[in-house]
Amino acid sequence: MKAEDWIKVEDRLPEAEYRLEEKGYSKGVLVFVREPLGYTVMDAIYDYADGQWYDRNDDIVENVIFWMPIVLPKEERK
C-alpha cells in the first residue's frame, strides 16, 4: 500500500459493480476515514442508490476522504 494508491473521494468514487434496481453498489474497498481524534482504515462499499458508504455491519460510514481497491496477496490470487 503506497500513498499514491489512495484515491480522493472528491476526485472519483469506486465503480458500481452490483446492481439493485437502477443504481448499484461497489465492491468492497479500503477507506480512509477522518475521526474526531485521528483516522481509521476499514473496508466498506459505496451505495449509489443513496450516496452513502457502508461498513461490513451495514452501518453508515461518514467522513470518508480516500479509498483504494483491495488487492489480495499474490498467493491468494487464483
Side-chain angles (χ1 to χ4, degrees):
M1 180 181 331
K2 297 178 265 182
E4 57 268 12
D5 294 335
W6 291 97
I7 301 162
K8 280 185 171 181
V9 169
E10 57 192 41
D11 290 346
R12 180 167 58 103
L13 292 169
E15 292 184 28
E17 294 286 329
Y18 306 101
R19 301 276 177 209
L20 295 174
E21 300 173 16
E22 292 182 17
K23 299 195 178 192
Y25 56 96
S26 71
K27 288 183 179 179
V29 296
L30 290 178
V31 294
F32 192 82
V33 181
R34 181 174 296 147
E35 301 281 358
L37 298 176
Y39 298 93
T40 300
V41 174
M42 68 177 71
D43 62 316
I45 63 161
Y46 186 79
D47 188 335
Y48 281 86
D50 61 7
Q52 295 285 335
W53 291 94
Y54 289 91
D55 68 11
R56 63 179 54 211
N57 298 315
D58 288 332
D59 293 327
I60 293 174
V61 179
E62 296 181 351
N63 301 317
V64 174
I65 53 177
F66 294 97
W67 67 276
M68 69 178 289
I70 296 174
V71 179
L72 294 175
K74 289 181 183 178
E75 61 271 5
E76 294 294 321
R77 296 184 212 166
K78 291 183 180 182

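Residues in residues 50-73 take part in these salt bridge (Lys or Arg N to Asp or Glu O under 4.0 Å) pairs, two or more places apart or across chains: Asp43-Arg56.
No side-chain heavy atom of Ile65 sits under 4.5 Å from any side-chain heavy atom of Val9. Considering only heavy atoms from C-beta on, Pro14 comes within 4.5 Å of Trp53 through its side chain.
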What's the verdict on side chain to side chain contact (heavy atoms under 4.5 Å, CB included) for Tyr18 and Lys27, showing C-alpha distance, side-chain angles and the deciding distance?
CA-CA 7 Å; Tyr18 306 101; Lys27 288 183 179 179; 3.9 Å; yes

Residues Trp67, Leu30; criterion side chain to side chain contact (heavy atoms under 4.5 Å, CB included); working and verdict
CA-CA 5 Å; Trp67 67 276; Leu30 290 178; over 6 Å; no

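Rounded to the nearest 0.5 Å, atoms CG (Asp47) and CG (Leu13) are 11.5 Å apart. A distance of 7.5 Å separates CD of Glu15 from OH of Tyr48, quoted to the nearest 0.5 Å. Taken to the nearest 0.5 Å, the CD1 atom of Ile7 stands 4.0 Å off from the CZ atom of Arg12.
Hydrophobic clustering (side-chain heavy atoms under 4.5 Å, transitive across Ile, Leu, Val, Met, Phe, Trp, Tyr) keeps Val33 apart from Phe66. Both Met42 and Val64 belong to a single network of hydrophobic side chains, linked directly or stepwise wherever heavy atoms of I, L, V, M, F, W or Y lie under 4.5 Å apart. Val31 and Ile70 fall into different hydrophobic clusters, where Ile, Leu, Val, Met, Phe, Trp and Tyr residues are linked whenever their side-chain heavy atoms come under 4.5 Å apart, directly or through other members.
Taking the ring pair (Phe, Tyr, Trp, His ring centres under 6.0 Å) definition, one finds that Tyr54 meets it with nothing, sequence neighbours left out.
Of all the heavy atoms in Gly51 and Tyr46, the pair that sits closest is CA-OH, 3.2 Å.
Aromatic ring centres of Tyr39 and Phe32 lie closer together than 6.0 Å.
When only modelled atom types and interatomic distance are considered, Thr40 and Glu35 share a side-chain donor-acceptor pair under 3.5 Å.
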